[in-house]
Protein chains: 2
Amino acid sequence: MKAKITLKDIARELEVSISTVSKALKNSEEISRDTKEKVQAFAKLYNYKPNNIAISLKNKRTKNIGVVIPAIVHHFFTTVIRGIEKHANAKGYNVIVCLSEESFDREVINMEMLANGSIDGFIMSLSSETQRKGDYNHLKEVTEQGIPLVLVDRVTNEVDCDKVIIDDELGAYMATKKLIGQGRKKIALITTDDYLSVSKARTGGYRKALLESNMEIDEKRILKLSSMEMDEKSIEDFFNKNSVDAVLCVNEIFTVYSMRLIQKKGIRIPDDISFIGFTDGLLSKYANPSLTVVAQHGEKMGEIAAQMLIDRVENENDEGNYQTKILEPTLVVRDSTIN
Amino acid sequence: MKAKITLKDIARELEVSISTVSKALKNSEEISRDTKEKVQAFAKLYNYKPNNIAISLKNKRTKNIGVVIPAIVHHFFTTVIRGIEKHANAKGYNVIVCLSEESFDREVINMEMLANGSIDGFIMSLSSETQRKGDYNHLKEVTEQGIPLVLVDRVTNEVDCDKVIIDDELGAYMATKKLIGQGRKKIALITTDDYLSVSKARTGGYRKALLESNMEIDEKRILKLSSMEMDEKSIEDFFNKNSVDAVLCVNEIFTVYSMRLIQKKGIRIPDDISFIGFTDGLLSKYANPSLTVVAQHGEKMGEIAAQMLIDRVENENDEGNYQTKILEPTLVVRDSTIN
DNA sequence: TATCAACACGAAACCGTTTTCGCTTATTGT
DNA sequence: ACAATAAGCGAAAACGGTTTCGTGTTGATA
């Protein structure tokens, strides 16, 4: 085991000062050709690499960005991470991922751990518990300390910072319009509680589309599930009590599960009933029939978020003047709707 | 924007030395009650938190662990990360995730970035390109520097370190045995090139089960796809040319796609043909019919890997004596096989 | 030959902690 | 009243770099 070599070691071996070594490695004009060559050769030979921690301490930049998300076993969030990684890595940054697991406390703990010098900025998506409580003090503290923060997807108006979202209302609107255009009259919505910013927006888009087409909004056709997890019983009850000819769901899982229930009843998709979901993941592509979905472009969101964050980090001059980028969703048409 | 407060700031305000402040905050016996209370009150008031970077530099421990994996938009790897996060967080560690995207170069670059002081140890799964090239010098360098390394799932014998794998051979063996037990005679295998350690082992288990049951191994029934991505055409050709009554696939996607092709031909699952895949992800659960799979217990693998790594990090005395933990896969029976 | 740049390098401060060691001052025992 | 001891605190080194500011030597110039 050959331990890491430091400037001090090189200086001792070559009988020069630490400053000389440091400058020589940076090809400083101050140092003679001879010395530079000697030092650089020695450094190469012993595979010298500067210690990141020491550099971080010196210039108060870690080249790390902290990502706090509610879950990772979710296609959408993994695509976001991938986008972040892509841009961050290209810019020489590392990504520290922390999971809140939809818990307020874990979100707070993780942010506090990272905020004490470990990272240059945050990218985060709010946990459902945080959105339900409406307590954003941990975010405010971070921004007040001057640590840049970019909120993605699940955001809040109560915090002043950069944001990247997709136009969820538009997505639901487009989807609903599509269903209406296919002659569907009894369009159901399966969503989650309104405290989730995205669910609220999607419900809004659904209503807007119906109103615009002069279709009555039947509240009984809106099923609000209280958690992100599957509540199979509620969905079953819902379909037993309501007769519908189209369903819009706020995620893939709700959609696929609903389709299966419907198929078991012998109802044909998309002939008798159409389905549209959110998130263009594996499930959508490989479901049977394959799913028509509102694609959220998570990877692009991640890239943009990383770009906004790194811009802030590297130009700390212009604080304030925060932006919200709104991405347009795309309707990916497959076999769960009529073509 | 209130900037972070340091020991120096507190010392200046309270007109004591930095050492006194440091000790007071650690409740040292050396410091008088009075002074301790004064300092602690002040620190609380101004929300003092020690700077992680400075502490890392001092005691050469970052409390970060580096995770390098080939991909994140894959259910199995996300469960591994989740397991790592779970244990690491409980032990006060952060997780730095880097993606190799199956590229050798990116794997090397990421490891070098992290190895210069940013992390206390590595958990990694080899990229396919690395396994194909068989070049493990970047791993050897890291271990020679005394940085603990734990390899998970995609491993190699050429590097001396702790490892966590599942018994892929056993998994494939169990699955194949199950198919044989259901009276299947023409069992196909859809896999990837053998340079991937896991694919090789799975192919081995498949062969072993057939041999053990005195069934002939027809090489034409083994389809090797050259990449992890879907090669739809090859799969279609394969089913056109071969008549089979059971299929074992090394991942979910191959399985689901194959099932769909088969269903289009009007062949019934599981009546006429059975399917078993690897990875117990969303696709398996929500496919139609739902998939019988070999569950890999990624979360448990992640937890164990994190535990092994942190043990090494915190007891750096006992180098050598490396262990390989082999997890047993589980067969999760659903509707793509006869019950 | 005295003077002055230019050149090449080193000393030291600094980033924010921790920790060892030594120095006052007050207290105790004799 | 004086030495020994303990209590309370500060100075300084250390972690591994970067950077500013000297300083000694050299060669050129007047």
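Note: hydrogens, waters and symmetry copies are ignored here, and every other heavy atom, side chains too, is used.
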**Q** So, does B:Ser127 use its side chain to make a donor-acceptor pair with the main chain of B:Thr130 at under 3.5 Å?
**A** yes
**Q** Can you check the A:Glu30 CD to D:dG22 C1' distance for me, whole Å?
**A** 11 Å
**Q** Is any side-chain nitrogen or oxygen of A:Thr20 closer than 4.0 Å to OP1 or OP2 of C:dG10?
**A** yes
**Q** Which comes earlier along DNA chain D counting from the 5' end, the contact point of B:Ser17 or that of A:Ile18, where each point is its nearest nucleotide?
**A** B:Ser17
**Q** Can you see if the side chain of B:Thr35 gets near the phosphate of D:dC9 - specifically, an N or O under 4.0 Å from OP1 or OP2?
**A** yes
**Q** Nearest 0.5 Å, what's the CZ-NE2 distance between A:Phe104 and A:His138?
**A** 5.0 Å
**Q** Round to a whole Å and report the spacing from NZ of A:Lys26 to P of D:dG17.
**A** 10 Å
**Q** Hey, does the side chain of B:Lys58 come within less than 4.0 Å of C:dT19's phosphate (OP1/OP2), counting only N and O?
**A** no
**Q** Check the phosphate of D:dG17 against A:Tyr48, side-chain N and O only, distance under 4.0 Å to OP1 or OP2. Yes or no?
**A** yes
**Q** Nearest whole angstrom, please: distance from the P of C:dG16 to the CZ of B:Arg61.
**A** 24 Å
**Q** Roughly, in whole Å, what's the span from CG in B:Asn27 to P in D:dG8?
**A** 13 Å
**Q** Does A:Ser32 place a side-chain N or O at less than 4.0 Å from the phosphate oxygens OP1/OP2 of C:dC9?
**A** yes
**Q** If we ignore angles and hydrogens, is there a donor and acceptor under 3.5 Å between the side chains of A:Asp153 and A:Ser125?
**A** no
**Q** Can any side-chain N or O of B:Lys4 pair as donor or acceptor with the backbone N or O of B:Lys49 at less than 3.5 Å?
**A** no
**Q** Any side-chain N or O of A:Ser22 under 4.0 Å from OP1/OP2 of D:dT18?
**A** yes
**Q** Categorize B:Ser56 for me: base, sugar-phosphate, or nothing, with a 4.0 angstrom heavy-atom threshold over every strand shown.
**A** nothing
**Q** Please evaluate the base of D:dA11 for a donor-acceptor partner in the side chain of B:Ser19 within a cut-off of under 3.5 Å?
**A** yes
**Q** Please report, rounded to the nearest Å, how far the C1' atom of C:dG16 is from the CD1 atom of B:Ile10.
**A** 12 Å
**Q** B:Asn59 CG to D:dA13 P: how many Å, rounded?
**A** 21 Å
**Q** What is the distance, to the nearest angstrom, from the CG atom on B:Asp9 to the C1' atom on C:dC15?
**A** 13 Å
**Q** OP1, OP2 of C:dG16 versus side-chain N and O of A:Lys60: anything below 4.0 Å?
**A** yes
**Q** Using modelled atom types only, decide if a donor and an acceptor are shared between the side chain of B:Asp120 and the backbone of B:Ile65 within a distance under 3.5 Å.
**A** no
**Q** Distance check needed: D:dA14 P versus A:Asn51 CG, whole Å only.
**A** 17 Å
**Q** Quick check on D:dG8: is either OP1 or OP2 less than 4.0 Å from any side-chain nitrogen or oxygen of B:Lys23?
**A** no
**Q** When you get a sec, tell me which of D:dC9, C:dG10, D:dG17 is the closest nucleotide to the side chain of A:Ala54?
**A** D:dG17
